[in-house]
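Report on the following structure.
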Amino acid sequence: MSGPAVFLRLAPGEVPAAALRELRAGLEEEGVPCRVLPSGPPAPVAAPGAASPVCEAPASAPADAALLAHAAACASPVSVGLGLSADGACLHLPQLPPGAPLLSVSLHDPDPERLRALGHNAARLVAGVPLKELP
Amino acid sequence: MSGPAVFLRLAPGEVPAAALRELRAGLEEEGVPCRVLPSGPPAPVAAPGAASPVCEAPASAPADAALLAHAAACASPVSVGLGLSADGACLHLPQLPPGAPLLSVSLHDPDPERLRALGHNAARLVAGVPLKELP
Amino acid sequence: MSLIVGVDIGNSTTEACVAEVEGSGRAYLGSGLAATTGVKGTVPNVTGAARAIERALLRAGRALEEVDAILLNEATPVISGLAMETITETIITESTMIGHNPQTPGGEGLGVGVTVAFERLAARAPGDGPAIVVIAASVDFEEAAAALNAAAARGVEVAGAVVQRDDARLIANRLDRPVPIVDEVTHVERVPLGMAAAVEVAGPGRAVRTLSNSYGLATVFDLTPEETRVVAPVARALTGTRSAVVVRTPGGDVTDRRIPAGTLELHGERAKRTVDVNGGAEEIMAALRRVQPLADVVGEAGSHVGGMLAGVRETMADLTGDAIGDVRIRDVLAADTFVPREVRGGLAGEFALENAVALAAMVRTSRGPIEQVARALAQESGVEVVVGGVEAEMAVRGALTTPGTAAPVAVLDLGGGSTDAALARGEEQVATYHAAGAGDLVTKLIGSELGIDDRELAEHVKTCPLAKVESLFHVRLEDGTVQYFDAPLPAETFARVVALTEEGGMVPIPTRHGLDRIRRVRRDAKRRVFAVNALRALREVAEHGTVRGIDFVVLIGGSALDFEIPELVAEALADHGVVCGTGNVRAVEGPRNAVATGLVEAWGRERGPAAAGRSAAPAAEARS
Amino acid sequence: MSLIVGVDIGNSTTEACVAEVEGSGRAYLGSGLAATTGVKGTVPNVTGAARAIERALLRAGRALEEVDAILLNEATPVISGLAMETITETIITESTMIGHNPQTPGGEGLGVGVTVAFERLAARAPGDGPAIVVIAASVDFEEAAAALNAAAARGVEVAGAVVQRDDARLIANRLDRPVPIVDEVTHVERVPLGMAAAVEVAGPGRAVRTLSNSYGLATVFDLTPEETRVVAPVARALTGTRSAVVVRTPGGDVTDRRIPAGTLELHGERAKRTVDVNGGAEEIMAALRRVQPLADVVGEAGSHVGGMLAGVRETMADLTGDAIGDVRIRDVLAADTFVPREVRGGLAGEFALENAVALAAMVRTSRGPIEQVARALAQESGVEVVVGGVEAEMAVRGALTTPGTAAPVAVLDLGGGSTDAALARGEEQVATYHAAGAGDLVTKLIGSELGIDDRELAEHVKTCPLAKVESLFHVRLEDGTVQYFDAPLPAETFARVVALTEEGGMVPIPTRHGLDRIRRVRRDAKRRVFAVNALRALREVAEHGTVRGIDFVVLIGGSALDFEIPELVAEALADHGVVCGTGNVRAVEGPRNAVATGLVEAWGRERGPAAAGRSAAPAAEARS
Ligand SMILES: Nc1ncnc2c1ncn2[C@@H]1O[C@H](COP(=O)(O)OP(=O)(O)O)[C@@H](O)[C@H]1O
Ligand SMILES: Nc1ncnc2c1ncn2[C@@H]1O[C@H](COP(=O)(O)OP(=O)(O)O)[C@@H](O)[C@H]1O
Ligand SMILES: [Mg+2]
Ligand SMILES: [Mg+2]
């Protein structure tokens, strides 16, 4: 895909379908494409020392939403990534420390409104629109 | 380097020092950092099929300024790349076909003004300023 | 050789300067300033004065014990007041239109039909006519789309939809035949059902053409000419929006109600005029010009303006001990402005720019307990305090230490509450005028027009350059320059316009407007107050009221530090052939310290009232 | 049943509509339009008319052979003219300042010294005082920095630099002690050497404070008050720039010279007035108001305006066969505008916004060879051609087919060359007025204010939404919406503001201004022409000149298709209590086809001159 797209990485195992639906709906409403990457080890993004070290791939496939989101952001042509695991969803950018995503939503008491807003915000980062407050 | 920087890849072999100086001067005057990557095979940017295919690394180290520039753009945190070989200098973006850079300057009758302007334009792509016309 | 400290107590700021005085020679050693404490001209000022003196002495490398005399300006109290009246109110009756212009409407085009609740759609028959489906938040977007498609498949025409959630595109993308959909309608339960309605959505970057045209509405709803006239304000209200909904309710309309804002009685020395605040600033100022010279102003009881005028009168009375009835309001400045207000009867939190009138007023008195201040300051400092120097004369003297200036020169003091002009005409006389309206009014106008209640934020917008946060790692300044950051900017600043504070901070401005619009509001407010008042004040002091006769104008005061105000004033005066620039007191202070410097300049020199300064010595030992 | 075609020949556009007429019934079948060929009201019009008829018949699904009659409006010729006079000129003498505000100046602060050529720096001694080094393009930046550092190490003070190449930061970054540097000075060889000079560079996003202040210049150059007055225009010229250089030359200054632009003689029916074009639009229009009704206007020979007025007079004379002296100019509209012009004497291609006055003029006549046109059209088509219908009456009839309208209604035809009002007062009379200035003047103003010579580009800016190219793959529209592209946009559009054409094209606008500024120029030009002329024209046709007495106004014509003009006109009329909207002829045509429809509506109905249409039959067989 050559156009702008937010990338979304899923954790290995069962996909939290309802949460995924809300994230994707937020992006769709804003009109920004979302590409869901299959779970599994993320592709190595750079060899050590050669390019931007922030995007070095971790040794194994993370289950952590933040790490997933960071890898997605590194791969996305617009440098915005979402990560979704059973525990939560994160919105990330390559320049942030992998463990410190821009925004996070916990899945422990899943709030579809918050997840929808997170999707909107992923798109708004791309579209340059002020972010929605997570309800 | 975590801040914005245009990446510049050099071809293997002797570095065209005068041309490199002009490119870097153009970026410095605009106030945008430039990171010169050593010549040698570019780090693989993505495994096939996993992420954006546009940034797949070629099998061997290219000597071609366009391919060098494209690889640089894929690696750059601001997605702008320069490539410099004995034959020419190119300005590139990841979304363009590797063989079709945005701007090129030939080194066969080296014009320092054109090379300087190319450096300015690499920076201006980052800074969002209209490009200079190559003299 | 004496060590002298000049102190200027202003409305907002107290300034001091330190100099060695020997005969007619002066060696200036340093200056300092502090916020004025209490109302100018009253004993609480001493705290701020002491602080300013301390800072000046620190810069001068001298101690309080070495000071021979402190010079204080007459500091006649000036009380400024500021109030605003909103004079229009937009009301939508009977929920007849929706014009909040959501960011992501769905579909494109014009749909006309009858409003039908989503729950009733399944029961609708093909012959019932086209429907505008009203969908509450309880309905999921996939369910909504499926139901609309099913209805269409049944032969029921769906012409458009009105949706509570931000789901317009989610629904439109799933329709077999997309229709225009307006979403984010907060109070969707108030949309009248069973009535003719139209939904229009324009393409990206475009605006509706039919619902914003009176005759378009007439075409859609088959209106008579009389009905068309009634519906015209709806068309006006929907002008420029990308999406809109109009419901044909029996008596619904949009009105721009004038709010009776009370009257002002302008009492001149020879004439009196009553003017309606609703008439706007032009009318008020025109009436003011006709009754000049002004003797007093009274506002209508119960109005904001009336309350403010009564308030400044009361504060002054308390100060001077005068009876309230003896206090006179000596100048007012009216400025038209507007305030974003939520529309009454709106279904989706619509905002309208309501007209408003801002009024600045000023009360001054020639008497004031300045001797008390002098005594208290002498007590506090242990130094003899001399009160002297008519403020205006001191301002002129201080301003004349600016290179390139020579008498006759007019000095414009651009402060917080008032804009003061002083013109030295010949040796003895200094004509002065104090106009209501200055920095505080500018801040007020900026705040109201951007819908900012926080005064500190409005002050930031006034004084700081703006920037647009384009990514979490870079901003673009007003002039197009880009600034990069290593650490990410806070998420709440993303895509917002921010004010860049002197300390390097970034304050987001919570408004829908873009940078250029905010910049224009900022400059416009400064023009409306200071370009206007510069001319007003100079006319009052100029010979024959002709500004053209003035050669040089020097700008001093806090508002002359502003990065735009001096150029806007100079621009306004250029047409009158006046050389106008920011003062540079003693070639180093810029527009600050003029009066304090003037006091020191005048010390010991025979010149009008200045030389005859009244002295207050500390109660303790006499100083040698 | 007759098949009738109504044809309206306008200045720019020829429109036709096809209808079946039976008694008082009309069934409209289709419409079409084409560009008007030749001057309106002359035989060359036939080509365009034939084209428009053909297109209308195609839509109607009928053939020319079936047509019983073609109705032609009286089409009295109207010649419009347009000219502009620049009335100020900025000149820098003696190369006394540099104010081109380059994008990447170096260093920060204020440097004062004597201008020294780079080549002479090595010979400069420490006691010679601070230097402002002037560096030509032949000097490489590393060489320059090394030499400046060496000089400083030697004890020679370098206070600033003026550089020909875009090298300011390259040099400043390599200095041990950075100094302010202004670069991109094209004509660096003209910088006077050996003179006192000051270089000031402000921080990112800020503007110079010293060189833009008259007293700052006085401080820097130790000026007397008289010298300060002389140097004041330099300060004004440097206001708002981020960097500036001032050289203290003996007689150098900046002047805003008034260019004598000639006079206009306004001949009213009862009075005459001569006005200076330099006085500006307000003065010209005020004089016009005083001599109304206007009988003629004469411009000064040799001026642009004079030439234009003579030209429209000549064209009309050719047309009608009248003597030039018998042609009368019936209306003019003046508008203040400004043009970016290169400053004379500038060292770096500085531009200044010079004041200009644009004048639109209009000539019309009641006579014209319309019968010739009718005969030629009859010949060409083989159909009887009937000339009839006062254009204004036909416009009113056609406009009244807009739902929601009823007589009395005023019709405003917003065209290309003129703005025409028609008010049907009662059964027989239609009062009309033709005001000079319409779509073409708007295009002219937009072009001049943005420095765009290409008329087609200016027309695009007028009629198309704007967008900013933010990356090579996305643009941001005026309303903030983002549009993405798969293929990269052309490099020359990057970071530029573009006009989005209807065909989906993207035309870059070569100006320094941002999108908001271009948008404001666009809207302002439309307001200045159409809001003004709507009121002017309506006042002329309204009873007692009171616009308030008019209930409904319908907008027709090409400029009523504009996405902004109708709302700006409605806004201007709203204060007069008038319902104003875009026409919707026959509920389907929008603002087009009013006159053509009116012709068909009036056909065969007893009503004033319309019914008495003059007929021209084709020379060939009579039609049955
Ligand atoms: N750096 C600045 N930029 C813009 N405005 C300023 C600045 N500093 C002070 N002001 C304004 O100056 C005003 C106070 O002026 P000042 O001369 O101190 O008042 P006064 O003479 O009444 O004591 C306030 O409106 C404040 O906003
Ligand atoms: N779609 C449009 N948007 C804006 N202006 C338009 C449009 N179409 C035509 N115009 C303007 O209409 C004017 C011509 O109007 P028209 O009624 O065709 O002229 P006339 O009545 O003189 O023949 C021109 O100035 C042109 O720019
Ligand atoms: Mg939406
Ligand atoms: Mg530069």
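Here is how names work: the chains are called A, B, and so on, in the same order as the sequence lines, proteins then strands, and each is numbered from 1. What you see is a predicted model; the values in this text were computed from it and never measured.
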Legend entry - Partner chain C: residue of D:E470, D:E478, D:R206, D:E227 with the largest heavy-atom pair count (under 4.5 Å): D:R206
Inset, instruction - May I ask you to name which of C:Y215, C:F552, C:F563 has the most heavy-atom pairs under 4.5 Å with chain D? - result: C:Y215
Legend entry - When C:L555, C:V231, C:T219, C:L217 are compared by non-hydrogen pairs under 4.5 Å with chain D, the top option: C:T219
Inset, instruction - With a 4.5 Å cut-off on heavy-atom pairs, point out which of D:N213, D:V409, D:D222 contacts chain C the most. - result: D:N213
Legend entry - C:D551, part contacting chain D, at a heavy-atom distance under 4.5 Å: both
Inset, instruction - Side chain from CB out, backbone as N, CA, C, O: work out which of these in C:T402 comes under 4.5 Å of a heavy atom of chain D, or both, or neither. - result: side chain
Inset, instruction - May I ask you to test the D:V220-D:T210 pair for a side-chain heavy-atom distance under 4.5 Å? - result: yes
Inset, instruction - Between chain C and each of D:P465, D:G514, D:A570, D:A467, count heavy-atom pairs under 4.5 Å; write down the option with the most. - result: D:P465
Legend entry - Contacting moiety of C:L568, where chain D heavy atoms sit under 4.5 Å: neither
Inset, instruction - Under 4.5 Å, counting heavy-atom pairs only, tell me which of C:R517, C:R520, C:E567, C:E571 racks up the most with chain D. - result: C:R520
Inset, instruction - Below 4.5 Å from any heavy atom of chain C, which atoms of D:V588 appear? Answer side chain, backbone, both or neither. - result: neither
Legend entry - Closest heavy-atom pair and its distance - D:A594, D:A399: CB-N, 4.2 Å
Inset, instruction - Answer whether the closest heavy-atom distance between the side chains of C:T501 and C:V507 falls below 4.5 Å. - result: yes
Legend entry - D:P102 side chain near D:S243 side chain, heavy-atom distance below 4.5 Å: yes
Inset, instruction - Under 4.5 Å heavy-atom distance to chain D, tell me which part of C:A587 shows up: side chain, backbone, both or neither. - result: both
Inset, instruction - Give the member of C:N584, C:L223, C:L466, C:T582 that has the highest number of heavy-atom pairs under 4.5 Å with chain D. - result: C:T582
Legend entry - Which portion of C:P204 sits near chain D, non-hydrogen atoms under 4.5 angstrom: both
Legend entry - Pairwise side-chain contact, D:V553 with D:L573, heavy-atom cut-off 4.5 Å (strictly under): yes
Inset, instruction - Identify the two heavy atoms, one from D:S214 and one from D:T228, that lie closest to each other, and give their separation to 0.1 Å. - result: O-CG2, 3.7 Å
Inset, instruction - Determine whether C:I556 and C:R592 make a side-chain contact, defined as any pair of heavy atoms from C-beta on separated by less than 4.5 Å. - result: no
Legend entry - Per-residue contact mode, C:R476 against chain D (heavy atom under 4.5 angstrom): neither
Inset, instruction - Let me know if D:L561 has heavy atoms under 4.5 Å from chain C in its side chain, its backbone, both or neither. - result: backbone
Legend entry - Options D:P225, D:P233, D:G581, ranked by heavy-atom pairs under 4.5 Å with chain C, top entry: D:P225
Inset, instruction - Using non-hydrogen atoms and a 4.5 Å limit, figure out which bit of C:V578 sits close to chain D: side chain, backbone, both or neither. - result: neither
Inset, instruction - State, yes or no, whether a side-chain contact exists between C:V234 and C:L238 at a heavy-atom distance under 4.5 Å. - result: yes
Legend entry - Contact class of C:A406 relative to chain D, heavy atoms under 4.5 angstrom: both
Legend entry - Passing option when D:N355 is tested against D:T88, D:D336, D:N278 for side chain to side chain contact (heavy atoms under 4.5 Å, CB included): D:T88
Legend entry - Options C:R209, C:E564, C:R242, ranked by heavy-atom pairs under 4.5 Å with chain D, top entry: C:R209
Inset, instruction - Name the region of C:Q483, side chain, backbone, both or neither, that has any atom closer than 4.5 Å to a heavy atom of chain D. - result: side chain
Inset, instruction - Would you mind telling me which of C:A207, C:G404, C:S212, C:A218 has the largest number of heavy-atom pairs within less than 4.5 Å of chain D? - result: C:G404
Inset, instruction - Please examine the side chains of D:I565 and D:L414, heavy atoms only from C-beta on, and report whether any two atoms are closer than 4.5 Å. - result: yes
Inset, instruction - State, to 0.1 Å, how close D:M506 and D:F485 come at their nearest heavy-atom pair, and which atoms those are. - result: CE-CZ, 3.5 Å
Inset, instruction - Check whether any side-chain heavy atom of C:V208 lies under 4.5 Å from a side-chain heavy atom of C:L110, and answer yes or no. - result: no
Legend entry - Portion of C:V475 that has a non-hydrogen atom of chain D nearer than 4.5 angstrom: neither
